[in-house]
2 protein chains.
Amino acid sequence: MPRTRRGRPGPLPLLDAEPAERADAARNRRKILAATRGLIARRPLERISLDEVAEAAGVGVGTVYRRFGDRSGLAYALLDESERALQESFLRGGPPLGPGAPPAERILAFLHAYLHRLLGELDLMLAAETAAPNGRHTGAYSTHRAHLATLLAELRPEGDDPGWLADALLAPLAAPLVRHQTRELGMTEAQIGAGLGLLVQALTAGSCAGAPRGQAAGDMPPEP
Amino acid sequence: MPRTRRGRPGPLPLLDAEPAERADAARNRRKILAATRGLIARRPLERISLDEVAEAAGVGVGTVYRRFGDRSGLAYALLDESERALQESFLRGGPPLGPGAPPAERILAFLHAYLHRLLGELDLMLAAETAAPNGRHTGAYSTHRAHLATLLAELRPEGDDPGWLADALLAPLAAPLVRHQTRELGMTEAQIGAGLGLLVQALTAGSCAGAPRGQAAGDMPPEP
DNA sequence: AACGTAAACGGAGAACTCTCCGCTTCACAA
DNA sequence: TTGTGAAGCGGAGAGTTCTCCGTTTACGTT
């Protein structure tokens, strides 16, 4: 049961100003990350022991644990890059993901983008979330949640709980659920995307603009 | 990494006709369950090692693993009773949970009932789901999903994917999320229940019956 | 350049999880 | 009863996770 966790250099929270990382520490961090990427290419992170990572990186196990806390910490670090890219695009990118589009569109664009990334890095996401025991403590989760909550508050000013709604929109995109849907039930990205579209549409129609059901989602990444 | 799992005597799937359990096996199963309940009274299952359970039950570790596979199997077995009660009430109980009420009401009643039970046994649910690694393989999950999917298909015959929608309604009730909401964010059962009400209402209004926003959820178990 | 200290390292080892497989027990039948 | 095969048992041990703490290293200061 992991207890430590430094979250040092600057992963997800995206806003830091800490004492600065020592050169040897940075070097080791990079070595560990690189070694892990190498191992991941052969089999999923869940099946790689951290001893193995340490050996491949040429450091002691203690160092791995010091830097990353546990396997899920390592997974988060590996996800950092795409997380930053995602945050960048919804915070400062162009519409419909970034500012400029109406809230319903931004919400849907975000969910689609998140889904797309999730499917692209499912194994890592799984490793990060599983064993976490709570991915919700991550800066990443709360950033996503806050983003959605803001848009939802814009969408429906009538006073319901945007925080909970954000959780509810993110929940169907939990890695283990999506893994089950795609890998066991055979669902495609398009199907899940359509479901999300439906949900957002229903939420939008709350103030009942007529909601002409039947055209679900149109803008999805391709799928065979 | 657990591999076995017998699911023998008759837990969740609710429909079995197997060779019958041997007397000594049944006795041991009961001893293990009883011992676990005793230990759980003192601290959460996550912090109890299965060696400890075995010792308290007076059996070998091997026996614990044979019967329950792993910690989450044990948790599922412990949850069996309330699971059966829940299934009983939505399958054969009176409205609005059981047959007889309109689908939207049954859906909401089910979600509220599930939430109520979840909060009552949060720690066990957490232990069952965490480490599972996929609570979705449980007979219980697919029963719930199927139930909701049926009702959703009735609610909105227009052809969208009731299976996915069922997942999406169940997802916000994932144990780790709800734990975070209640124990860390301080949300109450009523708040979560209201959110669920909103969601179901939005889904109902899909065919746009006017949806007079603002009366959210009315029928909730009490909360201070 | 040498120093001092805060930070980082690493590996031994404690604690667990889970498996393997020879031995024991049950239940049914003769 | 006694025999017999299937089912169940249990504990040794392999493989992991994670911690602890004495040793080493980096780097601002003198």
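Every chain is numbered from 1, with letters handed out A, B, ... down the list of sequences. Bear in mind the structure is a predicted one, so any value in this text is a computation, not a measurement.
Nearest heavy-atom pair across A/Leu118 and A/Leu173 is CD2-O, 3.3 Å.
Counting heavy atoms from C-beta on, the side chains of B/Leu111 and B/Leu148 come closer than 4.5 Å. A/Arg106 places a side-chain heavy atom less than 4.5 Å from the side chain of A/Pro99. Counting heavy atoms from C-beta on, the side chains of B/Val200 and B/Phe110 never come closer than 4.5 Å. The side-chain heavy atoms of A/Leu78 and A/Phe68, taken from C-beta on, include no pair separated by under 4.5 Å. A heavy-atom distance below 4.5 Å is not found between the side chains of A/Arg179 and A/Met125. The shortest distance between side-chain heavy atoms of A/Trp164 and A/Leu152 does not fall below 4.5 Å. By the 4.5 Å heavy-atom criterion applied to side chains, B/Phe90 and B/His144 are counted as neighbours.
The interatomic distance linking A/Leu45 (CG) with D/dT16 (C1') rounds to 14 Å, in whole Å. In this entry the distance linking CZ of A/Phe68 with C1' of D/dT17 reads 17 Å, nearest Å. Between the CZ atom of A/Arg66 and the C1' atom of D/dT17 there is a distance of 17 Å, given to the nearest Å. Residue B/Asp70 contributes atom CG, which lies 16 Å from atom C1' of D/dT16 at whole-angstrom precision. The CZ-C1' distance, from B/Arg71 to C/dA15, rounds to 12 Å in whole Å. Between A/Ile48 atom CD1 and D/dG15 atom C1' the separation is 16 Å, expressed in whole Å.
OP1 or OP2 of C/dC9 sits under 4.0 Å from a side-chain N or O of A/Asn28. The side chain of A/Arg29 places no N or O atom within less than 4.0 Å of a non-bridging phosphate oxygen (OP1 or OP2) of C/dA8. For B/Thr63, a side-chain nitrogen or oxygen approaches OP1 or OP2 of D/dG10 to under 4.0 Å. Checking the phosphate oxygens (OP1, OP2) of C/dC9, a side-chain nitrogen or oxygen of A/Arg67 falls inside 4.0 Å.
The side chain of A/Tyr65 lies closest to D/dT19 when the candidates are C/dA8, D/dT19, C/dC18.
Among the protein residues, B/Ser49 comes within range of the sugar-phosphate backbone only, with heavy atoms under 4.0 Å from sugar or phosphate atoms but none that close to a base.
Contacts with DNA chain C (heavy atom under 4.0 Å) in residues 50-60 of chain A: A/Val59, A/Gly60, listed by number.
A salt bridge is defined here as a Lys NZ or Arg NE, NH1 or NH2 lying under 4.0 Å from an Asp or Glu carboxylate O, and B/Glu46 with B/Arg71 fails to meet this definition. Note on B/Asp123 versus B/Arg183: salt bridge recorded, some NZ/NE/NH1/NH2 to OD/OE distance being below 4.0 Å.
Between the side chains of B/Asp51 and B/Ser49, no donor-acceptor pair of N or O atoms lies under 3.5 Å.
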Please tabulate, one pair per line, each protein N/O and nucleotide N/O from nucleotides 1-4 of chain C that are separated by under 3.5 Å, including the distance.
none

Would you tabulate the nitrogen or oxygen pairs shorter than 3.5 Å linking the protein to nucleotides 26-28 of chain C?
from, atom 1, to, atom 2, distance (Å)
C/dC26, O4', B/Arg22, NH2, 3.3
C/dA27, OP1, B/Ala23, N, 2.9

For this session: For the pair B/Arg67 and B/Glu21, evaluate salt bridge (Lys or Arg N to Asp or Glu O under 4.0 Å) and give the outcome as yes or no after the intermediate values.
Result: CA-CA 11 Å; B/Arg67 312 260 22 129; B/Glu21 188 181 29; 3.2 Å; yes
